[in-house]
Amino acid sequence: MSVIGGQQLLTAYQFMRKVIINNLELLRLIYKYDYTLILILIIASLFGSFTTIYGIFAMGRLINILSTSEASLKNVIFILLSIAVLNICTILIESWKRNVYLPPRLNKIKLQIQMEIFDVMERVGLLEYDNPDFYELYSIGAQNVEARITSVINVFVGTLANMVSVISIISIFTSFSIDLMLLVIFNVTLSFFINIKISRLSFEQTQRVIMPQRRMNYVKRIFYLKEYEEEIQTSNISDALRNYYRMANNEVIQTIKFYGKINGKIVSIQGIIGIIFNSIIMLLLAYRTIVSKILMIGDFSALISAVNQVSTNLSKILNAGPVMYENSLYAEKYFEFMGYCCEHENANINVDDFNEIILKNVSFKFPGANTTVLENINMTINKGDFIAIIGENGSGKTTLTRILQKLYVPNEGNIMIDEYNYQEVTKTSIDKLIGTVHQDYRLFSLSIGENVLMRKIQDFDNDKLIVEKALDKVNLLKKLKDSNLSILTQLYKEIDENGMVMSGGEMQRIAIARIMAQKYKLVILDEATSNIDIMSEKKIFDELKKMGNTVILITHKISNIEYANKILVLQNGRIVENGTPDELIREKGIYYKMIMENERR
């Protein structure tokens, strides 16, 4: 054997091994959540195969009996009755399997898998949502795994049943005509390699439409979300959105046309070859029945059915290869997605409080960007501080807070929380340490209580007390009670058609109530009171002072800065002013000019 031939065999072996392993991993996933499912489905499928084989040869036997002068009504009745009983049993088993047994068990498995996908999405860094590689893993792997679970069950169970059927029929068939069976096998093998090509093209097509479909989904989502409706209805922005949708849809259509032409040619050739081979087989069987007199009419009928059955079963067995290959492609993306690792996952230190957080020469830029968002940030957050961060839009204020939340990882510099390196502190403990309300906060179509607690309501009486205290601190409890609303009242109408729709200020206060309901050591408010009236805003800041939280406030409102003992001024990603309010007024820099401008108004 040549070196090239040996390498090709090795490559083919490695390819097949990879395909089989990925499919077995999917089966292992199924077994993990329901170890009896596969066994029950195998038994049901084997019974169906037995019924089919018995029916083929029993009908052949029946025709032979009827074509002789020794036909017995008793034998005819027995054969017909046995076929009917087996078919009835098969129908009942198949109906039970498809309608009673399989759906709830598959849904249970898919539920568990989806819970694991949610776990990954929770721990993935915020930046990964803009990472094309991660989006591809999610789109191809995570979003298709449920369909692949169903596919791998069908392939495994079906292939096993088909193999048993083929072996049984061939063992009977070879006593009549082994050469015809070889023709069937050759035809099916050729079809197998054609289907491999079709599966590869199908996967390529799926990959090519990911980005245009992402753009289409974005536009569809925009038209559905309420927060965009005012701009859409009062401007011509919908023209631009529709144009993007049309362009993306055209990309999808062109891709479908391109692969459709190729697949159409391949499928046509495959169909023509199949017709030719089947015609040859039927002619040979007819010749041996009419001319050679080797076969009886019943044998001819049974063998025609057997040839068709073997051809169908072999096609299913060999075509399981392309399906397994396709399953493997999606499974590989899924398992890569499930193993997606974030930098903070290597952290192993837990903290529940701090005395100081120090940022040294911290810089950050988004992946693929040429400009830095933050550059050489040096600051100290002492326990009990009330720090106001001000600056123009795009100066890096929100990015700085997301670095503190461990949602972003600095490209340069170091952060220390007391004696610990920030990157060694677990994301879980940072989430418990820092509470944040951003200007682009989100409420969920859940109850008011769940939106405040950010978890399920567990101990109703205790949770009710916590939520109502938090709502009182943001000046919202009295209004809710006056409106006969409770912590169980649903927000929005996606889940509950009777859900409440609140004003922007009320929703913002519910978001702020979240930090009032928890014992956070550091609270970050990023333009969090922009829609709140002055009296409620004052009450919120007074409550934060009483609670003794360390606070970082990002704001454009000069009136809010009076609570701060430190002020940072950010400009183009750099800290250009840093000090107490009095110190910055004496410097007569940017902060001083903002104060003067505010007084002139």
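A quick note: this is a predicted structure, and the numbers were derived from the prediction, not measured.
Q518 places no side-chain N or O within 3.5 Å of a backbone atom of K432 that could act as its donor or acceptor partner. Checked by atom type and distance alone, the side chain of D418 pairs as donor or acceptor with a backbone atom of E356 at under 3.5 Å. Using a distance-only test at 3.5 Å, with no hydrogens or angles considered, no donor-acceptor pair links the side chain of Y420 to the main chain of I349. With hydrogens and angles disregarded, no donor-acceptor distance shorter than 3.5 Å links the side chain of S363 to the backbone of E412. In this structure, R148 contributes its side chain and A331 its backbone to no donor-acceptor pair below 3.5 Å. The backbone N or O of E468 sits nowhere less than 3.5 Å from a side-chain atom of D472 that would complete a donor-acceptor pair. Side-chain atoms of S483 come within 3.5 Å of backbone N or O of K479 as a donor-acceptor pair. Counting only distance, with no hydrogens or angles, the side chain of N549 and the backbone of V523 share no donor-acceptor pair below 3.5 Å.
Counting all heavy atoms, side chain and backbone alike, K406 lies closest to Q423 at NZ-O, 3.6 Å. Nearest heavy atoms, D463 versus Q458: OD2-N, 2.8 Å. Minimum heavy-atom separation, Y33 to L29: CD1-O, 3.3 Å. The two residues K32 and E116 have their closest heavy-atom pair at NZ-OE2, 2.9 Å. The minimum heavy-atom distance between Y441 and A511, with the atom names listed, is CD1-CB, 3.7 Å. The minimum heavy-atom distance between N382 and F354, with the atom names listed, is C-CE1, 4.4 Å.
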Can you give the donor-acceptor pairs under 3.5 Å from side chains of residues 578-587 to other protein atoms, not counting sequence neighbours?
from: T580; atom 1: OG1; to: E583; atom 2: N; distance (Å): 3.2
from: E583; atom 1: OE1; to: T580; atom 2: N; distance (Å): 2.9

Quiz: residues 563-571 side-chain donor-acceptor pairs under 3.5 angstrom, not counting sequence neighbours:
from: N565; atom 1: OD1; to: F386; atom 2: N; distance (Å): 2.7
from: N565; atom 1: ND2; to: D385; atom 2: OD1; distance (Å): 3.0
from: K566; atom 1: NZ; to: T380; atom 2: O; distance (Å): 3.3
from: K566; atom 1: NZ; to: D385; atom 2: OD2; distance (Å): 2.8

Please list every donor-acceptor pair under 3.5 Å in which a side-chain atom of residues 102-109 meets a protein atom from a residue at least two apart or in another chain.
from: R105; atom 1: NH1; to: D34; atom 2: OD1; distance (Å): 3.0
from: R105; atom 1: NH1; to: D34; atom 2: OD2; distance (Å): 2.7
from: R105; atom 1: NH1; to: T36; atom 2: OG1; distance (Å): 3.4
from: N107; atom 1: ND2; to: P103; atom 2: O; distance (Å): 3.3

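In summary, of the residues considered (I515, T529, I512, I510), a side chain to side chain contact (heavy atoms under 4.5 Å, CB included) with V474 occurs for I512 alone. Tested against H438, the residues I554, T401, L525 include a single side chain to side chain contact (heavy atoms under 4.5 Å, CB included) partner, T401.
For K538, the side chain to side chain donor-acceptor pair (under 3.5 Å) criterion is met by D542, not counting sequence neighbours. For the side-chain contact (heavy atoms from CB on, under 4.5 Å) test, residues two or more places apart in sequence or in another chain that qualify with N411 are F364, K365. Qualifying side chain to side chain donor-acceptor pair (under 3.5 Å) partners for T150, counting only residues two or more places apart in sequence or in other chains: K110.
Note: Y245 and Y218 fail the aromatic proximity criterion, with ring centroids not under 6.0 Å apart.
With a 6.0 Å cutoff to the six-membered ring centre and a 45° limit on the axis angle, K588 counts as a cation-pi contact of Y592.
Side chains of D533 and S536: a donor on one and an acceptor on the other come within 3.5 Å.
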Review point. How far apart are the C-alpha atoms of I561 and I390, what are their side-chain angles, what is the distance that settles it, and do they pass the side-chain contact (heavy atoms from CB on, under 4.5 Å) test?
Key: CA-CA 9 Å; I561 298 176; I390 59 177; 3.7 Å; yes

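L553 is listed as a side-chain neighbour of F541, based on a closest heavy-atom distance under 4.5 Å.
In this structure, CZ on R574 lies 11.0 Å from CG on L374, to the nearest 0.5 angstrom.
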